[in-house]
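Note sheet for the following structure.
Start at 1 with the first residue, then count along the sequence. Quick caveat: nothing in here was measured; it's all calculated off a predicted structure.
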Amino acid sequence: MAALIKVRGVETRFGEKVIHNGLNLTVNEGEIYGLLGPSGCGKTTLLREMVLLQEFAAGSIEVLGKKLEKIRHKDAQQLRREWGVLFQFGALFSSLTLRENIALPLVEYTKLTPVMIDEIVKFKIALVGLKASDAHLYPSEISGGMKKKAGLARALAMDPKLLFLDEPTSGLDPISAREFDRLILQLREMLGLTIVMVSHDLQSIYDTLDKVAIIENKKIAYEGTLEEIKSVKSDFIESFFGMKK
């Protein structure tokens with residue numbers, strides 16, 4: 001199984017504050033991989049570092065064979081075509097319709113004709129379970145669950161190999177959250193995706209993740225499957241997973 005993401009010795013600092021002190025983890029092809037840990041441990045920070053939205057102080061992050069710490073602009077632009085990102089609250093542009101939001105990466109990174117872009121957008125809208133008529137709505141006119149789906153459709157617009165999800169079920173009611181989990185599993189199978197997910201949703205964690213990394217005390221306290229996690233000595237693991245018998 002090929003390793004698509006390798007994090008080695010990563011250190012992150014905000015001024016004098018150390019967030020990560022030597023993180024090591026590996027995400028293999030086809031996995032749904034969870035970044036877990038207490039609030040403030042730097043889960044979303046690490047995800048942002050993986051997608052070139054934030055710099056790290058030391059160490060190495062390799063994504064799809066490219067080392068991010070010394071990447072050239074041309075290679076960075078190519079990598080951005082090969083991953084999709086769903087931010088926590090969808091991060092849709094409020095002045096654009098859902099169709100325009102989803103089309104944005106295609107307009108930005110390709111030379112496809114408007115007709116071809118429209119066809120791709122229609123397909124992605126259907127793929128995530130939205131109706132064709134939803135394409136003309138603005139973010140202010142739709143529910144939180146629809147915003148997540150629209151954000152997911154935009155993340156999938158470029159047919160990425162990698163999908164990054166930041167708290168994908170936060171803010172959703174339990175029924176919508178479980179529906180979103182099922183959608184993620186279906187898309188992984190249909191599209192052959194590798195997925196990296198930050199989550200606090202215990203049910204989602206059990207239902208979707210193949211492997212997890214627990215960030216605690218600035219290090220990786222555990223990396224592996226959920227089956228073996230309870231044998232690990234960790235305050236976070238004991239409190240977070242203790243409720244699941």
Please answer: with hydrophobic residues joined when any side-chain heavy atoms are less than 4.5 Å apart, are [X] and [Y] in the same cluster?
X	Y	result
L130	M190	yes
V115	I120	no
L127	L104	no
I61	L79	yes
I142	Y138	no

Review point. After noting the C-alpha distance and the side-chain angles of D159 and K124, does the key distance pass the salt bridge (charged side-chain N to carboxylate O under 4.0 Å, His left out) rule?
Key: CA-CA 10 Å; D159 295 327; K124 301 302 179 181; 2.5 Å; yes
Check your understanding: With a cut-off of 6.0 Å (strictly less than), are more than 12 heavy atoms of other residues, nucleotides or ligands near NZ of K161?
Key ->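 Atom NZ in K161 is not crowded, with 12 or fewer foreign heavy atoms closer than 6.0 Å.
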Check your understanding: If you draw a 6.0 Å radius around OH in Y109, do more than 12 non-hydrogen atoms from other residues or ligands fall strictly inside?
Key ->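 Yes.
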From [X] [atom1] over to [Y] [atom2], what is the distance, rounded to the nearest 0.5 angstrom?
X	Y	atom1	atom2	answer
T194	L4	OG1	CG	4.5 Å
L68	Q54	CG	CD	12.5 Å
F180	S170	CZ	OG	10.0 Å
E223	L23	CD	CG	10.5 Å
L35	F164	CG	CZ	9.0 Å
E29	L64	CD	CG	9.0 Å

Does the side chain of [X] reach to within under 4.5 Å of the side chain of [Y], using non-hydrogen atoms?
X	Y	value
M158	L106	yes
L86	M197	no
L25	V10	no
I195	T208	no
E100	V107	no
F241	L202	yes
L187	L163	no
I205	F240	yes

Taking [X] for its side chain and [Y] for its backbone only, find out whether a donor-acceptor pair lies under 3.5 Å.
X	Y	answer
E167	H200	yes
R154	A91	yes
K219	G22	no
Q203	R178	no
E216	F236	yes
R188	G30	yes
R13	F56	no

Distance-minimising heavy-atom pair for [X] and [Y]:
X	Y	result
P105	N101	CD-O, 3.8 Å
L209	Y33	CD2-C, 4.1 Å
T97	H136	CG2-O, 3.7 Å
L92	A150	CD1-CB, 3.9 Å
V198	P168	O-CD, 3.5 Å
I237	Y222	CD1-CB, 4.1 Å

Do any side-chain atoms of residues 36-46 form donor-acceptor pairs under 3.5 angstrom with protein atoms, and if so which ones, sequence neighbours left out?
| from | atom 1 | to | atom 2 | distance (Å) |
| --- | --- | --- | --- | --- |
| K43 | NZ | G37 | O | 3.0 |
| K43 | NZ | P38 | O | 3.2 |
| T44 | OG1 | D166 | OD1 | 3.0 |
| T44 | OG1 | D166 | OD2 | 3.3 |

Check your understanding: Passes salt bridge (charged side-chain N to carboxylate O under 4.0 Å, His left out), R99 versus D118? Steps please.
Key -> CA-CA 8 Å; R99 190 205 76 79; D118 266 345; 2.6 Å; yes
Check your understanding: Would E179 and K149 pass as an ion pair if we require N to O under 4.0 Å?
Key ->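 Yes, this pair counts.
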Check your understanding: Ion pair present between K67 and D75, side-chain N to carboxylate O less than 4.0 angstrom?
Key ->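 Not counted as a salt bridge, because no side-chain N and carboxylate O are separated by less than 4.0 Å.
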Review point. For Q78 and K66, what are the C-alpha separation, side-chain angles and deciding distance, and is it a side-chain contact (heavy atoms from CB on, under 4.5 Å)?
Key: CA-CA 10 Å; Q78 179 58 38; K66 304 287 186 187; over 6 Å; no
Exercise for review: Establish, from distance only, whether the side-chain atoms of S60 and E69 form a donor-acceptor pair under 3.5 Å.
Suggested key: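 S60 vs E69: donor-acceptor pair found between side chains.
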Review point. Does the pair L52 and V63 meet the rule for a side-chain contact (heavy atoms from CB on, under 4.5 Å), with working shown?
Key: CA-CA 10 Å; L52 291 168; V63 180; over 6 Å; no
Practice item. Could you check L193 against I184 for side-chain contact (heavy atoms from CB on, under 4.5 Å), going step by step and ending with a plain yes or no? Key: CA-CA 9 Å; L193 293 167; I184 292 301; over 6 Å; no
Review point. Would I5 and L162 satisfy side-chain contact (heavy atoms from CB on, under 4.5 Å), going step by step from the backbone distance to the final call?
Key: CA-CA 10 Å; I5 301 174; L162 273 169; 4.0 Å; yes
